[in-house]
Amino acid sequence: MKLFRKRERALSQAQEQRAGKIAAALLARQRKTADYLNRRTELISGKNWMLLLIGFCTVFGSYCIYLLIKAFH
């Protein structure tokens, strides 16, 4: 039963060009953001990253356990 089948339409040349420009702008912005974040974190050592990860997991894991306990009381 193909009641809600989506029809495929080809894009016009102008639409293809516009989509390409939008995609290029998004990729450029993504690259710029990634470079910024890499510059901000390049001085953090692997040991510090591991400590941050353990701290993050501990804090949010504890919060989830707290919410579970609170849900049953």
Side-chain angles (χ1 to χ4, degrees):
M1 189 170 156
K2 298 179 181 180
L3 183 61
F4 297 109
R5 190 175 78 191
K6 186 175 182 179
R7 296 181 192 153
E8 292 186 24
R9 297 183 311 178
L11 297 177
S12 70
Q13 185 66 19
Q15 289 174 326
E16 285 283 345
Q17 288 177 345
R18 208 172 306 136
K21 286 181 182 180
I22 292 171
L26 287 173
L27 288 174
R29 183 65 182 177
Q30 183 180 19
R31 169 56 43 203
K32 188 175 179 181
T33 303
D35 290 340
Y36 168 76
L37 291 173
N38 281 331
R39 280 193 314 271
R40 295 278 301 181
T41 60
E42 68 186 354
L43 298 178
I44 299 176
S45 69
K47 183 179 178 181
N48 285 341
W49 275 118
M50 187 61 69
L51 290 173
L52 284 169
L53 177 63
I54 290 170
F56 178 83
C57 292
T58 301
V59 167
F60 286 100
S62 299
Y63 183 66
C64 287
I65 291 171
Y66 166 76
L67 290 176
L68 282 171
I69 291 172
K70 191 171 181 174
F72 289 112
H73 279 202

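We're numbering straight along the sequence, starting at 1.
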Q) Could you walk me through whether Tyr66 and Lys70 pass the side chain to side chain contact (heavy atoms under 4.5 Å, CB included) check? A) CA-CA 6 Å; Tyr66 166 76; Lys70 191 171 181 174; 3.5 Å; yes
Quiz item: Is the shortest heavy-atom distance from the side chain of Leu26 to the side chain of Gln30 under 4.5 Å?
Solution: no
In a table with atom names and distances, give each donor-acceptor pair under 3.5 Å that connects a side chain of residues 43-64 to protein atoms at least two apart or in another chain.
{"from": "Ser45", "atom 1": "OG", "to": "Asn48", "atom 2": "N", "distance (Å)": "3.3"}
{"from": "Thr58", "atom 1": "OG1", "to": "Ile54", "atom 2": "O", "distance (Å)": "2.7"}
{"from": "Ser62", "atom 1": "OG", "to": "Thr58", "atom 2": "O", "distance (Å)": "2.7"}

- Task: Kindly determine whether Asp35 and Arg31 satisfy side chain to side chain contact (heavy atoms under 4.5 Å, CB included), including the steps that lead there.
- Result: CA-CA 6 Å; Asp35 290 340; Arg31 169 56 43 203; 3.2 Å; yes
Between the CD atom in Gln17 and the OG atom in Ser12, the distance rounded to the nearest 0.5 Å is 8.5 Å
NZ (Lys21) and CZ (Arg18) are apart, to the nearest 0.5 Å, by 9.0 Å
